[in-house]
Amino acid sequence: MKENELPKTVVQGKWFFAHRRVAHELGVRLGEEVGYAIRFEDRTSEKTCIKYLTDGCLLRESLSNPELKQYSVIILDEAHERSLNTDILLGLMKRLVRIRSSNLKVLITSATLDGAKVSSFFSNCPVLTVPGKLFPVEVLYSSESSTSYLESSLKRALDIHIREPPGDILIFMTGQDDIEKMVSKLEEKVLSLEEGSCMDAIILPLHGSLPPEMQVRVFSPAPPNCRRFIVATNIAETSLTVDGVVYVIDSGYVKQRQYNPATGMYSLDIVQISKVQADQRAGRAGRTCPGKCYRLYPSTVYHEDFLDVTIPEIQRSSLAGTVLYLKSLDLPDIDILTFDFLDPPSRESLGDALKQLYLIDAIDESGLITDVGQRMAELPLEPSLSRTLIEANELGCLSQALTVTAMLSAETSLLPTRRKGTEKKRKHPLSDLPDGSGWGDHIQLLQIYEKWDQANYDPQWCIENDLQVRGMKFTKDVRKQLCQLMQKMAEGPLDVQSNRKQKESGQAYRRLRKALCTGYGNQLAERMIHHNGYRTLGYKSQLAQVHPSSVLEMDEDGCLPDYVVYHELITTSRPFMRNVCAVEMSWVMPILKKLEKLNVNKLSGGSSITEENEPRVVEPLGSPKNDAVVSKAPDNLDSRIQAARDRFLARKSKK
DNA sequence: GAGCACTGC
């Protein structure tokens, strides 16, 4: 193959081994004519004609090169998964095919995405259908909805094991807890079966927080006369393909994260799956031979209750990062409120994003991106964290802030999988951390990483201290990447520095907390007067409490700090702030002042963000209550500020 | 006093 014979092609999606295979079939070395790029690894060269990359990487590329001029064919793979990034790319592609109609071809591939809908989105482009190679799957419904899908799955699995011919069983559950319960119940029941009455059994859990060596166990096929039970989350729905599965048991539920723009709060809920998801799960039974799918719900539930398709992520997420990204592209013909999404997010959600960005100085009061915002968009971080880095650079604590943001990027994968009996480890994973972690979780995360640095990044150290090796390595990679990106603007050293002297670290921690306060200007909370509950300080106040896993300390009176910033506000059993950090009132006041001036219609570039068909009396951002908060903000804030000052002075005089 | 599904810029 000679250079330039092939059109420069870029393939976005989950390509797994595709790039290796294509390189192999073309008889070329991977990294030359056929290359790939993922976050921490770019294996392409000048010779590269076909480049595989992730959606995030393609978005990064279009940041510096919005017309993607180096490519003549762009393939968006797995578009049906509707990830946030894929949806942004779909919108950008629509614009690109318009302005590059003569020299660009875009191909969108999807297993289940509604072809007609995508075709009409792309000005009625042609739809090609490639038949799949799946075997037929018989779908069997339960006669009624079960009260406990755990019990029903257990019963169904054993029934299959006893009565049905060989073939592995894949059971879809919602989370780690259920999976662990299910695995131990299955083990118990299988052991109690009469010896020789049926095949042997291997029972395997499968979920995201399982260490990789445990995950790969599902790739080894069952030994002869042995049936595997794979108890999985929806990781087995799309991300991992398990061969040998003939029977699928589908609970009909999934654990899903969603964002409420009216409250600024996430929740993690167990919800019904969509028809597309149910069909995807069933399809997992027909990969190697005809299979069976047992749905633990009646067919009426499937037909009448299930949504046709899963709500795309873009309608379930906070859009601050997305809006900032689009604004930073600075495309003259793109207005964020009218940006052409395949499924547009609500105006409320866009309005929320604009307000958040304004509070952290990423856009000005008329909605234009600021210099700060432009620099933030260059960093592969959520806006709060990129803002923190920029502020930390000004305040001379960039090296510490780099560590904290990197740790938070990996936060959910830092903790080990829970083991029975050793559950209370989180509070003090390291007994000999220096003072200062009482200021909050961010400081503790910093101290943990500094300890690991002192231990020369020894994986064994992670294990001894109950931290996931994978998560810590990810942190290290992120930190390195952020260092490279910050190099140009950095004011001070970037390497991990542990302040050995108590006094120095105290000052560094205070600067860091100040930077965090600026970065999380959209995620502030104020403690209630008589107890340790908090309310969020935004355009709409929410009651929340510090998550019990937090290391934030109380003062000698048993009070938590008056003001905190939080990394995440999420309702599980109750509304919780996760990863909080104490901040000072004097840092908070300017942000509250800014909140007073906030006018969301102006932020959206003058165009009213009010729904068109609604009477004008209706509040711009939804509920009347919310409107009241918006329009009366100055009064509320002034009194709030006054009250806070009084409290502060009262406390001071007491001491 | 609670306990997070999935990715991976």
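The structure displayed is predicted, hence computed values, not measured ones. Chain letters run A, B, ... following the sequence lines, proteins first, then strands; residues in each count from 1.
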Rounded to whole Å, how long is the line connecting atom [atom1] of [X] with atom [atom2] of [N]?
X        : N     : atom1 : atom2 : answer
A:Gln176 : B:dC6 : CD    : P     : 9 Å
A:Phe40  : B:dG8 : CZ    : C1'   : 7 Å
A:Gln272 : B:dA5 : CD    : C1'   : 17 Å
A:Asn85  : B:dT7 : CG    : C1'   : 9 Å
A:Glu81  : B:dA5 : CD    : C1'   : 14 Å
A:Leu84  : B:dG8 : CG    : P     : 13 Å
A:Arg316 : B:dT7 : CZ    : C1'   : 12 Å
A:His207 : B:dC6 : NE2   : P     : 8 Å

Can you find a side chain N or O atom of A:Arg257 that sits less than 4.0 Å from OP1 or OP2 on B:dC6?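 Result: no.
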Under 4.0 Å between a side-chain N or O of A:Thr233 and OP1 or OP2 of B:dC6?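 Yes, such a contact exists.
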Applying the side-chain hydrogen bond (donor to acceptor under 3.5 Å, both in side chains) criterion to A:Glu237, which one of A:Arg284, A:Gln280, A:Arg281 satisfies it?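 With A:Glu237 as partner, A:Arg284, A:Gln280, A:Arg281 yield a single side-chain hydrogen bond (donor to acceptor under 3.5 Å, both in side chains), made by A:Arg281.
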Distance alone, cut at 3.5 Å: any donor-acceptor contact between the side chains of A:Ser267 and A:Thr571?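 There is no such pair (donor and acceptor under 3.5 Å, judged by atom type) between the side chains of A:Ser267 and A:Thr571.
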Across the strands shown, which category fits [X] at heavy-atom distances under 4.0 angstrom: base, sugar-phosphate, nothing?
X        : answer
A:Glu568 : base
A:Ser409 : base
A:Phe576 : sugar-phosphate

Classify the angle between the aromatic ring planes of A:Tyr457 and A:Trp452 as parallel (below 30°), tilted (30 to 60°) or perpendicular (above 60°).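 Perpendicular, since the angle between the ring planes exceeds 60°.
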Ring centroids only, cut at 6.0 angstrom: are A:Tyr297 and A:Phe306 within range, meaning strictly under it?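 Between A:Phe306 and A:Tyr297, which both carry aromatic rings, the centre distance is below 6.0 Å.
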Are more than 12 heavy atoms, taken from residues, nucleotides or ligands other than A:Met554, located less than 6.0 Å from that residue's CE atom?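 No - once you tally the heavy atoms of other residues, nucleotides and ligands closer than 6.0 Å, there are 12 at most.
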Nucleotide nearest A:Ile235 (side chain, heavy atoms from C-beta), chosen from B:dG8, B:dT7, B:dA2: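 Looking only at heavy atoms from C-beta outward on A:Ile235, the closest nucleotide is B:dT7.
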If each of A:Leu206 and A:Gln481 is mapped to the nucleotide of DNA chain B with the nearest heavy atom, which maps nearer the 5' terminus, i.e. the 5' end?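 Looking at the nearest nucleotide for each, A:Leu206 comes out on the 5' side.
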